[in-house]
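Notes follow once the structure below has been shown.
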Amino acid sequence: MNNLLAKLGQDPHRSLSIFLRGLGLFALGLIYIGIGYFNHHLWQVAGLIILAFASLIAAWGYLGLFANRWFNILNRHKSSDKNNP
């Protein structure tokens with residue numbers, strides 16, 4: 001499990017970038033849904049498709065951020081246990 005956390009959280013800056021892109025796409029999807037409310041309903045369909053992809057992208061970025069933090073917590077705890085006999 002430690003290897004998986006290390007692999008997923010190896011670059012937190014990249015994970016943050018992916019998360020923010022997903023968040024921006026999510027906002028774009030919401031805008032399309034709002035446009036579709038006042039105009040043709042196909043705008044809403046496009047907004048829902050963008051929303052689905054944006055959610056996946058944001059979740060992938062957040063998973064990397066979470067893995068990085070969790071990996072750091074686990075390693076910090078282990079190193080402090082070794083120092084205290």
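- The closest donor-acceptor contact from the side chain of S17 to the backbone of H13 lies at 3.5 Å or more, if one exists at all.
- Side-chain atoms of R14 and I18, non-hydrogen and from C-beta on, do get closer than 4.5 Å to each other.
- Shown here for L16 and L65, the closest heavy-atom pair between the two residues is N-CD2, 3.9 Å.
- Heavy atoms only, all atoms of each residue included: A58 and F19 are closest at O-CD1, 3.3 Å.
- Between W43 and H40 there is a side-chain heavy-atom pair separated by less than 4.5 Å.
- Note that CG of L51 and CG of L56 are 10.5 Å apart. Values are rounded to the nearest 0.5 Å.
- Between S15 atom OG and Y62 atom OH the span is 12.0 Å, to the nearest 0.5 Å.
- Side-chain contact between Q44 and Y37 is present, with heavy atoms from C-beta onward closer than 4.5 Å.
- The CD1 atom of I57 lies 12.5 Å from the CG atom of L20; values are rounded to the nearest 0.5 Å.
- Heavy-atom minimum distance, A54 versus G22: CB-O, 3.4 Å.
- Within 6.0 Å of the CZ atom in F71, the count of heavy atoms belonging to other residues, nucleotides or ligands exceeds 12.
- Here the closest heavy-atom approach between residue G47 and residue Y32 is recorded as CA-CB, 3.6 Å.
- Within the model, atoms CD1 of I50 and CG of L28 stand 4.5 Å from one another, a figure rounded to the nearest 0.5 Å.
- Under a hydrophobic-cluster definition in which Ile, Leu, Val, Met, Phe, Trp and Tyr are linked whenever side-chain heavy atoms come within less than 4.5 Å, directly or via other members, F53 and L42 are assigned to the same cluster.
- One hydrophobic cluster holds both W60 and L25 under the rule that ILVMFWY side chains link at heavy-atom gaps under 4.5 Å.
- The closest donor-acceptor contact from the side chain of N72 to the backbone of N68 lies under 3.5 Å.
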